[in-house]
K.L.:
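Sending over a structure as structure tokens; questions will come in a sec.
Residue numbers begin at 1 in each chain, while the letters A, B, ... track the order of the sequences.
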Amino acid sequence: MLPLENSPLARDGNILILAYDHGLEHGPSDFTDLPERMDPETVFEAATHDAVTSLAVQKGVAEGYYPSYEDDVSLLVKLNGTSNLWMGEPDSAVNCSVEYAAEIGADALGFTLYGGSNNEIAMAEEFRDAQEAARDHDLPMVMWSYPRGQGLKNDTSGDTIAYAAREALELGADVAKVKYPGSREAMEHTVQAAGGENGIEVVMSGGSKVSDEAFLNDVKAVMDAGGSGLAVGRNVWQRENPTQILDALGAVIHEGASVDAALSE
Amino acid sequence: MLPLENSPLARDGNILILAYDHGLEHGPSDFTDLPERMDPETVFEAATHDAVTSLAVQKGVAEGYYPSYEDDVSLLVKLNGTSNLWMGEPDSAVNCSVEYAAEIGADALGFTLYGGSNNEIAMAEEFRDAQEAARDHDLPMVMWSYPRGQGLKNDTSGDTIAYAAREALELGADVAKVKYPGSREAMEHTVQAAGGENGIEVVMSGGSKVSDEAFLNDVKAVMDAGGSGLAVGRNVWQRENPTQILDALGAVIHEGASVDAALSE
Amino acid sequence: MLPLENSPLARDGNILILAYDHGLEHGPSDFTDLPERMDPETVFEAATHDAVTSLAVQKGVAEGYYPSYEDDVSLLVKLNGTSNLWMGEPDSAVNCSVEYAAEIGADALGFTLYGGSNNEIAMAEEFRDAQEAARDHDLPMVMWSYPRGQGLKNDTSGDTIAYAAREALELGADVAKVKYPGSREAMEHTVQAAGGENGIEVVMSGGSKVSDEAFLNDVKAVMDAGGSGLAVGRNVWQRENPTQILDALGAVIHEGASVDAALSE
Amino acid sequence: MLPLENSPLARDGNILILAYDHGLEHGPSDFTDLPERMDPETVFEAATHDAVTSLAVQKGVAEGYYPSYEDDVSLLVKLNGTSNLWMGEPDSAVNCSVEYAAEIGADALGFTLYGGSNNEIAMAEEFRDAQEAARDHDLPMVMWSYPRGQGLKNDTSGDTIAYAAREALELGADVAKVKYPGSREAMEHTVQAAGGENGIEVVMSGGSKVSDEAFLNDVKAVMDAGGSGLAVGRNVWQRENPTQILDALGAVIHEGASVDAALSE
Amino acid sequence: MLPLENSPLARDGNILILAYDHGLEHGPSDFTDLPERMDPETVFEAATHDAVTSLAVQKGVAEGYYPSYEDDVSLLVKLNGTSNLWMGEPDSAVNCSVEYAAEIGADALGFTLYGGSNNEIAMAEEFRDAQEAARDHDLPMVMWSYPRGQGLKNDTSGDTIAYAAREALELGADVAKVKYPGSREAMEHTVQAAGGENGIEVVMSGGSKVSDEAFLNDVKAVMDAGGSGLAVGRNVWQRENPTQILDALGAVIHEGASVDAALSE
């Protein structure tokens with residue numbers, strides 16, 4: 001695991017990844033309410049917000065738009081991903097090599113692992129290759145660790161999410177991105193499973209859009225539980241005003257503000 | 001994504017790809033009415049028409065006929081493709097390496113992705129290798145983005161076609177070749193899904209032969225919707241006189257003519 | 001496609017390949033009537049006949065017997081092939097690399113493609129690798145193009161055989177070896193599908209043993225239809241006197257003799 | 001096979017591997033009673049005990065924690081492993097390359113083979129690559145040889161365990177880690193199957209937690225049967241006081257003490 | 001095919017391979033009657049007998065025991081093999097690379113092909129790689145050619161065994177190891193199928209233990225049929241006194257003695 005304190009992925013150990021790979025993973029339906037957000041420039045703009053420590057996109061979006069933002073945005077290239085036209089067991093195509101990601105300026109890398117899928121073993125081996133290549137380039141690796149598939153009874157239980165965080169630690173990720181397990185206590189268990197104080201970083205995955213307060217409460221619980229922050233997409237760019245929620249998230253994640261204080265800003 | 005304005009694939013940002021891989025994809029039945037068009041020379045001749053910005057063929061046809069036309073034709077080598085004798089889930093054999101395509105003079109490359117096929121993930125990974133090798137050779141990459149296969153409910157809906165265009169953007173294609181979604185409005189949605197003004201180019205796929213007017217109306221709608229042009233096969237070389245329809249297509253695509261004006265030329 | 005006029009595979013553009021891979025493809029049963037023909041020397045001897053332009057064998061037979069015949073026989077190494085003990089979908093193991101074939105003295109290469117098999121796509125990708133490596137060694141490539149497998153309704157129709165010839169052209173073979181489609185007219189269609197006058201060469205596959213006259217009539221029809229000749233095994237070496245039929249084939253293929261004239265020699 | 005007498009994996013030919021890959025293989029449930037043991041530091045501390053000759057962990061745990069213990073702990077990197085979310089036939093993802101394991105300081109390597117699984121052949125071939133690379137780095141290779149899967153009638157019979165030890169010998173492991181076959185006599189048979197006196201080392205796998213006396217009795221029987229020691233996880237770090245059981249194990253394994261003597265220490 | 005007369009695998013063209021890979025292929029049950037034979041040294045000792053021209057073992061046994069016998073034993077490394085815990089279609093893991101076999105001192109190589117198995121094509125392609133690498137190292141290649149699997153009606157018929165020998169010739173083996181087809185006449189057919197006088201060598205596979213006389217009668221019939229000898233395991237090392245049967249085998253194989261003469265020695 002790499003020391004992330006001064007990495008371009010974090011600031012003082014705190015992480016706010018703005019995720020924008022939904023065009024591939026979910027398709028145009030995620031943009032129904034705000035069609036202008038199909039234009040990647042609108043989200044690169046949002047990512048220039050001071051609270052954002054990294055912007056996660058697929059290769060093609062990085063190639064096309066990052067060159068205009070390389071001074072203002074820290075780039076996380078998501079190495080794998082798949083459209084939801086796919087109807088097979090959960091799986092994710094490796095769309096970008098580590099070498100190419102490094103060439104186009106990646107500051108960090110992302111990789112999905114579907115633990116419990118019939119493709120888990122193949123994905124873990126693809127992760128191995130990516131992780132070891134990432135080490136050669138000194139690029140931190142974030143694992144989207146999402147238990148999912150036929151072998152899985154319940155993918156939102158605290159133990160499953162803690163297991164997901166542990167897999168990220170054992171397999172050599174630097175950051176585990178996991179679903180929120182529902183409570184601060186469960187999140188503490190997850191952080192411990194990732195190795196605790198000297199373990200890897202754990203960030204919560206933003207999920208589908210909810211109210212500002214509900215969302216900030218979860219993020220605050222993650223921080224209080226020893227988590228390092230958040231990777232968020234829809235809860236930012238599906239809002240009319242991304243700046244407002246990013247201000248609040250910055251207060252909670254980077255300044256340790258309470259939810260009330262963050263909301264009243 | 002590569003700037004295509006001055007690429008050999010486009011002229012002033014407008015694209016008219018003449019596609020001639022039907023001998024592989026459909027077999028001799030596409031030539032029943034005009035058997036002489038089985039001779040690739042007849043279509044290379046057509047491709048010397050000024051309106052055509054690129055000719056798309058498979059490796060073997062490129063090897064055999066391009067050497068006589070290298071001064072007059074811009075060559076797009078289609079990297080994958082499969083006969084319709086194939087009865088499995090939609091898939092496409094990679095018949096040509098990028099290195100070899102470059103060696104035989106390719107100015108651009110083409111690659112089919114069947115989103116929603118059980119082979120989508122394997123095809124996306126083959127695309128990755130081709131796309132990254134294409135970057136090394138500065139060759140623009142056109143994705144034939146055709147959702148198709150068991151995971152697919154409706155492959156001609158506007159949302160599915162917009163998703164196809166988005167996949168091309170996210171995965172790193174320079175041009176998305178998609179089915180016409182049926183209306184200018186739907187085409188606008190597709191162009192937006194591909195990133196909009198600063199996104200990748202979108203061209204309509206010609207499809208099976210229709211009347212001149214019906215065909216030109218669709219092409220005009222594509223141009224009006226912000227599309228970059230057309231990739232067309234049967235609607236050109238299944239006509240007795242390819243020059244006539246190419247004249248009209250050139251007027252609509254390169255000169256912005258109305259369909260009536262184009263037809264009356 | 002390579003110019004074959006002066007290639008070791010052809011003479012003045014005409015081709016007579018003596019094929020002897022039946023020991024692998026069919027096993028000992030093909031030698032029941034003439035067991036001495038199991039000894040490869042007997043067929044290498046036959047291949048020294050002036051009418052034969054190439055002898056097609058698998059790697060092991062080439063390794064063992066070609067060294068004694070390298071001055072008198074032009075060697076075609078068949079790169080893939082499988083025993084008929086195999087009961088799966090039509091497929092063919094790649095038994096020899098192009099590099100090794102070149103090392104042991106191959107003048108030409110052969111490769112089977114089963115269009116319509118569930119293995120068609122994998123075989124086409126293996127063919128790609130072989131074809132591109134063959135180009136590096138300037139070795140002409142003959143495709144045994146045999147539609148066969150679960151996706152196939154009728155593998156002897158004229159259209160299917162024409163499609164087979166077309167696949168060979170599109171994928172980059174120099175010669176298509178196809179079944180005889182039953183008539184000169186159907187053969188003309190097949191030759192046209194392979195590109196016509198400037199297309200690739202088409203040779204008829206000899207098939208199981210028939211009478212001299214019936215066999216020569218088919219060969220004559222192939223030549224008259226614009227085909228380049230024949231690849232024949234059993235109709236030569238299952239005969240007591242291979243010289244006699246090779247004399248007649250030489251007359252029809254290389255001298256343009258009529259069947260009557262060829263038979264009366 | 002490598003001479004292990006002076007290897008960092010053994011001391012005077014005796015082996016006590018402390019295994020700590022349960023976070024990956026079993027998940028958080030193995031830590032229910034002592035949650036603090038989820039923190040790898042607690043087990044690295046235990047591994048500094050003089051009786052321990054090697055600590056077995058997955059790549060990510062090695063990367064994160066070994067740097068602080070490299071003077072006090074001998075590192076065995078387990079190359080493959082899989083979460084128990086996996087519901088397919090027994091299999092194990094190769095999570096770490098030999099080259100990378102060597103780079104991060106491994107003194108020895110571990111690899112699981114599930115004989116009788118439908119994945120046995122694929123795993124054996126992965127083992128081949130790892131074993132031959134290990135030879136290049138002079139790293140001893142421990143095979144976790146666990147017959148398991150659909151082809152298996154009884155995975156705890158003496159003959160199956162002896163077969164597992166034999167597979168380790170035949171395939172080129174230096175140490176076979178097998179289940180305890182239930183008696184000293186069965187263990188002798190297993191040691192003989194691994195080649196006997198000049199064969200490879202055999203160590204017993206610790207299994208789930210049992211009483212001190214029961215556990216030590218088995219270990220003593222292994223030593224008396226000619227085994228080389230033990231690889232143990234839960235029976236050490238699921239105990240409140242790992243030092244106590246490690247003292248006793250050290251007495252039995254390294255000093256040849258009786259179980260009574262070891263317990264009374 | 002390599003000239004074997006002076007190869008370390010043969011003596012004056014005659015071959016007696018002592019095979020000892022049963023620990024992997026059959027497991028401990030083959031050693032029930034003589035457990036001491038689980039110790040590879042006992043069989044290496046037997047292999048120092050003058051009649052033995054080669055000892056066939058798996059990689060791990062070669063690594064561990066050959067160094068002490070390299071002056072007295074000619075080593076054949078069996079490259080593939082699988083435990084009988086495997087319940088899938090007949091298949092064989094490639095456990096050793098040719099490069100590594102050469103490094104540890106192999107004088108010859110062995111490879112199993114299960115013709116008719118659903119894995120035949122994959123195995124033939126693995127054989128290709130091994131055979132071509134073997135040529136680089138000038139190592140003779142023995143094919144264990146055993147038709148077996150779902151596609152097979154009768155694996156002991158003379159025609160099937162002749163086919164097996166032919167596959168070995170066609171695919172480039174130097175020696176075919178086949179089951180005894182039941183009679184001298186059938187064996188002659190098999191030898192002819194392997195190319196006859198100038199073809200590859202054919203040796204009989206020893207099979208399970210039978211009486212001295214029955215066994216020697218079969219071996220004599222093989223020699224009289226033009227075969228080159230024998231590969232034998234259980235019929236040697238499952239006997240209390242391997243020297244006695246090796247004396248007799250040496251007389252029949254190397255000196256052309258009758259069975260009676262060989263038995264009375």
Side-chain angles (χ1 to χ4, degrees), chain D residues 1-3 89 113-129 131-133 135-136 141 143 145-153 155 157-174 176 188-200, chain E residues 20-32 34-44 57-68 77-104 112 117 119 122-123 126:
Chain D
M1 82 190 69
L2 298 177
E89 258 291 284
L113 181 80
Y114 293 129
S117 162
N118 286 342
N119 297 307
E120 174 182 359
I121 284 175
M123 296 179 85
E125 297 189 340
E126 292 167 342
F127 177 77
R128 172 201 64 218
D129 289 339
Q131 192 262 8
E132 297 185 5
R135 292 299 183 235
D136 286 341
M141 174 63 84
M143 184 187 282
S145 194
Y146 291 167
R148 187 179 298 180
Q150 111 171 357
L152 219 65
K153 290 166 202 88
D155 70 345
S157 75
D159 263 359
T160 297
I161 288 170
Y163 203 158
R166 185 73 186 195
E167 276 205 85
L169 165 66
E170 299 260 345
L171 300 182
D174 300 300
E188 278 172 355
H189 179 51
T190 293
V191 170
Q192 293 306 310
E197 206 172 341
N198 295 316
I200 63 172
Chain E
Y20 182 65
D21 59 344
H22 303 69
L24 177 62
E25 296 282 346
H26 300 177
S29 61
D30 266 18
F31 304 98
T32 304
L34 289 174
E36 65 267 34
R37 298 288 152 81
M38 285 199 292
D39 181 346
E41 286 186 339
T42 63
V43 181
F44 272 80
V57 292
Q58 288 281 330
K59 172 210 265 182
V61 172
E63 279 184 319
Y65 298 88
Y66 178 64
S68 310
V77 173
K78 182 82 191 312
L79 298 175
N80 62 355
T82 292
S83 82
N84 72 14
L85 301 171
W86 173 257
M87 290 292 139
E89 258 292 282
D91 199 356
S92 196
V94 181
N95 297 315
C96 187
S97 70
V98 171
E99 289 64 33
Y100 191 69
E103 210 174 289
I104 60 176
T112 294
S117 162
N119 297 308
M123 295 179 86
E126 292 167 342

K.L.:
Look at D:E120, D:H189, D:E132 and state which one has the largest set of heavy-atom pairs under 4.5 Å with chain E.
P.N.:
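Top option by heavy-atom pairs under 4.5 Å: D:E132.
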
K.L.:
Hey, which of E:G88, E:S97, E:S29, E:S83 has the most heavy atom pairs under 4.5 Å with chain D?
P.N.:
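Looking at each of E:G88, E:S97, E:S29, E:S83 in turn, E:S83 comes out on top.
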
K.L.:
Have D:T160 and D:S157 got a donor and an acceptor in their side chains that come within less than 3.5 Å?
P.N.:
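D:T160 vs D:S157: donor-acceptor pair found between side chains.
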
K.L.:
Looking at E:H26, E:E36, E:K78, which makes the most heavy-atom pairs under 4.5 Å with chain D?
P.N.:
E:H26

K.L.:
Using a cut-off of under 4.5 Å on heavy-atom pairs, state which of E:E99, E:Q58, E:E63, E:E103 scores highest against chain D.
P.N.:
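Greatest number of close heavy-atom pairs with chain D: E:E63.
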
K.L.:
Measure the spacing between CG of E:N95 and CZ of D:F127 and express it to the nearest 0.5 Å.
P.N.:
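Between E:N95 CG and D:F127 CZ, I get 9.0 Å after rounding to 0.5 Å.
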
K.L.:
Can you list the steps and then say if E:H22 with D:R166 is a side chain to side chain contact (heavy atoms under 4.5 Å, CB included)?
P.N.:
CA-CA 10 Å; E:H22 303 69; D:R166 185 73 186 195; over 6 Å; no

K.L.:
Please check this pair: side chain of D:E89 against backbone of D:S117, looking for a donor-acceptor N/O pair closer than 3.5 Å.
P.N.:
no

K.L.:
Is D:N198 in contact with chain E via its backbone, its side chain, both, or neither, using a 4.5 Å heavy-atom distance?
P.N.:
both

K.L.:
Can you name the residues that form a side chain to side chain donor-acceptor pair (under 3.5 Å) with E:D91, not counting sequence neighbours?
P.N.:
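Listed in chain order: nothing, the list is empty.
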
K.L.:
Taking side chain as everything from C-beta outward and backbone as N, CA, C, O, which of these in E:E41 sits under 4.5 Å from a heavy atom of chain D? Side chain, backbone, both or neither.
P.N.:
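The side chain, not the backbone.
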
K.L.:
Against chain E, work out which of D:Q192, D:R135, D:E197 has the most heavy-atom pairs shorter than 4.5 Å and name it.
P.N.:
D:R135

K.L.:
From E:E126 CD over to E:S92 OG, what is the distance, rounded to the nearest 0.5 angstrom?
P.N.:
8.0 Å

K.L.:
For each of D:A124, D:G195, D:G196, tally heavy-atom pairs with chain E at distances under 4.5 Å, and name the one with the top tally.
P.N.:
D:G195

K.L.:
Please rank D:L169, D:I121, D:D159 by heavy-atom pairs under 4.5 Å with chain E and give me the top one.
P.N.:
D:I121

K.L.:
Under a 3.5 Å distance rule, please check whether E:E25 uses its side chain to pair with a backbone N or O of E:Y20 as donor and acceptor.
P.N.:
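Between the backbone of E:Y20 and the side chain of E:E25 there is no qualifying donor-acceptor contact (under 3.5 Å).
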
K.L.:
Determine the option with the most heavy-atom pairs under 4.5 angstrom with chain D, choosing from E:G64, E:P67, E:G81.
P.N.:
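Option with the top pair count is E:G64.
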
